[in-house]
Amino acid sequence: MDKIKSVIAKDTPNVIATLPKAGVYQKLLVALDDGETNERVFQKSLALAQQFEAKLMLVHCVQPSLGLSESRTFATLGGYSALYSCDMLQLEQQAAEEARARLTRRLRSLSERASEVGISAEFDPRNGDPGQEICLAANYWQADLIVVGRRGRKGLSEMLLGSVSNYVLHNANCSVLVLQPSETP
């Protein structure tokens, strides 16, 4: 319990009573995004992994706005076929491949940063709905804890845009640590 206090007490003192004993978290899934929460989530996860001598799985999920399969479908429809030419489909596929390569490089870099401080880290770039993919990855990897950031959306914007952290909190099969927007590492 002392290990937990030293890492978490300064940010969330009211959570300590509900956390399990130290050493329980051996596999931490770190849900990363492109936002400003990214570095904070990574740093907090590193601190936890060092305290618990745990492994990290770095996950970033890209939710495509219009997938290639949908574009191909539109390309075959009469009135829409002029909008989705073969060149357009190739450009869309090339952009998706380049984005995946950038994401993989970024996750590899974070994995190497973790290794530099003695933490074993893997990474898993994913495509699809972020909340669902994070929960699937946690189940597959058998994570003990998911660390995810929160952007601070409320009300209508949360309802319209959704909340990945809220989805994960309610659907994960393991413990979830949600970092608030104002928390620092």
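Atom CG of Leu56 is separated from atom CD of Gln50 by 9.5 Å, given to the nearest 0.5 angstrom. If you take OH on Tyr25 and CG on Leu145, they are separated by 5.0 Å, rounding to the nearest 0.5 Å. Ile119 contributes atom CD1, which lies 10.5 Å from atom OG of Ser45 (distance to the nearest 0.5 angstrom). To the nearest 0.5 angstrom, Glu116 atom CD is 10.5 Å from Leu46 atom CG. Here the CG-CD distance, from Leu29 to Glu122, works out to 10.5 Å after rounding to the nearest 0.5 Å.
Considering every non-hydrogen atom in both Val59 and Ala137, the closest pair reads CG2-CB, 4.1 Å. Closest non-hydrogen pair, Gly128 versus Cys61, comes out as O-SG, 3.1 Å. Residues Gly149 and Ser165 share a closest heavy-atom pair of O-CB, 3.7 Å.
With sequence neighbours excluded, the residues forming a salt bridge (Lys or Arg N to Asp or Glu O under 4.0 Å) with Arg126 are Asp124, Glu133, listed by chain and number. Residues that satisfy the side-chain contact (heavy atoms from CB on, under 4.5 Å) test with Asn173, not counting sequence neighbours, are Asn139. Scanning for side-chain contact (heavy atoms from CB on, under 4.5 Å) contacts around Asn171 gives Cys135, Tyr167, with sequence neighbours left out. For Glu112, the side-chain contact (heavy atoms from CB on, under 4.5 Å) criterion is met by Arg108, not counting sequence neighbours. When the salt bridge (Lys or Arg N to Asp or Glu O under 4.0 Å) test is applied to Arg113, the partners found at least two apart in sequence or on another chain are Glu39. Residues forming a side-chain contact (heavy atoms from CB on, under 4.5 Å) with Pro125 (at least two apart in sequence, or on another chain): Arg100, Leu103, Thr104, Leu107, Phe123.
Val62 and Leu91 fall into different hydrophobic clusters, where Ile, Leu, Val, Met, Phe, Trp and Tyr residues are linked whenever their side-chain heavy atoms come under 4.5 Å apart, directly or through other members. In this structure, Ile146 is a member of the same hydrophobic cluster as Trp141, with clusters built from ILVMFWY side-chain heavy atoms closer than 4.5 Å. Tyr140 and Val30 fall into different hydrophobic clusters, defined by Ile, Leu, Val, Met, Phe, Trp and Tyr side-chain heavy atoms under 4.5 Å apart, directly or through other members.
For Ser111 (side chain) and Ala121 (main-chain N/O), a donor-acceptor pair under 3.5 Å exists by modelled atom type. Proximity of a side-chain donor or acceptor of Ser109 to a complementary backbone N or O of Arg105 within less than 3.5 Å is not detected. When atom types are taken as modelled, the side chain of Asp144 and the backbone of Gln26 share a donor-acceptor pair closer than 3.5 angstrom.
Using a 4.5 Å heavy-atom cutoff, the side chains of Arg150 and Val148 are not in contact. Side chains of Val164 and Asp33 form no contact here, defined as non-hydrogen atoms less than 4.5 Å apart.
Surrounding NZ of Lys55 are at most 12 heavy atoms belonging to other residues, nucleotides or ligands under 6.0 Å away.
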